[in-house]
Amino acid sequence: MVDVKICVGTNCSFKGSLDILEYLESDESLSETIRISTHSCFNKACKPNNAPVVMVQDELILKATLDKILLKIREKL
Ligand code: FES
């Protein structure tokens, strides 16, 4: 299982993190592979230019997109 923590704080929600969360939760092909949780803010990485921020295992992804997240999940498997 790969841990995926999605920031749902103000900056990140504003930049689309809730859409990412919704997509990852609804993709059944990932349900056996990832464990999704939400995070209120990755304080040190919290800058408007970095949002949305997502952590995959121990790595922060800045300006996260679905492509970047899915690639990182594959690397961690
Ligand atoms: S709101 Fe997402 S890192 Fe702070």
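Order of listing sets the numbers, starting from 1, for every ligand and every atom in it.
Between D67 and T65, the side chains place no donor N or O within less than 3.5 Å of an acceptor N or O (distance only, hydrogens not considered).
Separating the OG atom in S37 from the CG atom in L21 is a distance of 9.5 Å, to the nearest 0.5 Å. Distance NZ/K5 to OG1/T38: 10.5 Å, rounded to 0.5 Å.
Of all atoms in ligand 1, listed by their number and element, those nearer than 4.0 Å to a heavy atom of G9 are 1 (S). Each of the atoms 1 (S) of ligand 1 lies under 4.0 Å from some heavy atom of N11.
At least one donor-acceptor pair under 3.5 Å links the side chain of K68 to the backbone N or O of L62.
Heavy atoms of C7 found under 4.0 angstrom from ligand 1 belong exclusively to the side chain.
At the top of the distance list for atom 3 (S) of ligand 1, counting protein heavy atoms only, stands F42 N, 3.3 Å.
Not one N/O/S atom of C12, from backbone or side chain, sits under 2.8 Å from atom 4 (Fe) of ligand 1.
Here the angle at atom 4 (Fe) of ligand 1 defined by SG in C41 and SG in C46 stands at 100°, rounded to 10 degrees.
No path of Ile, Leu, Val, Met, Phe, Trp and Tyr side chains, each step under 4.5 Å between heavy atoms, connects V53 with F14, placing them in separate hydrophobic clusters.
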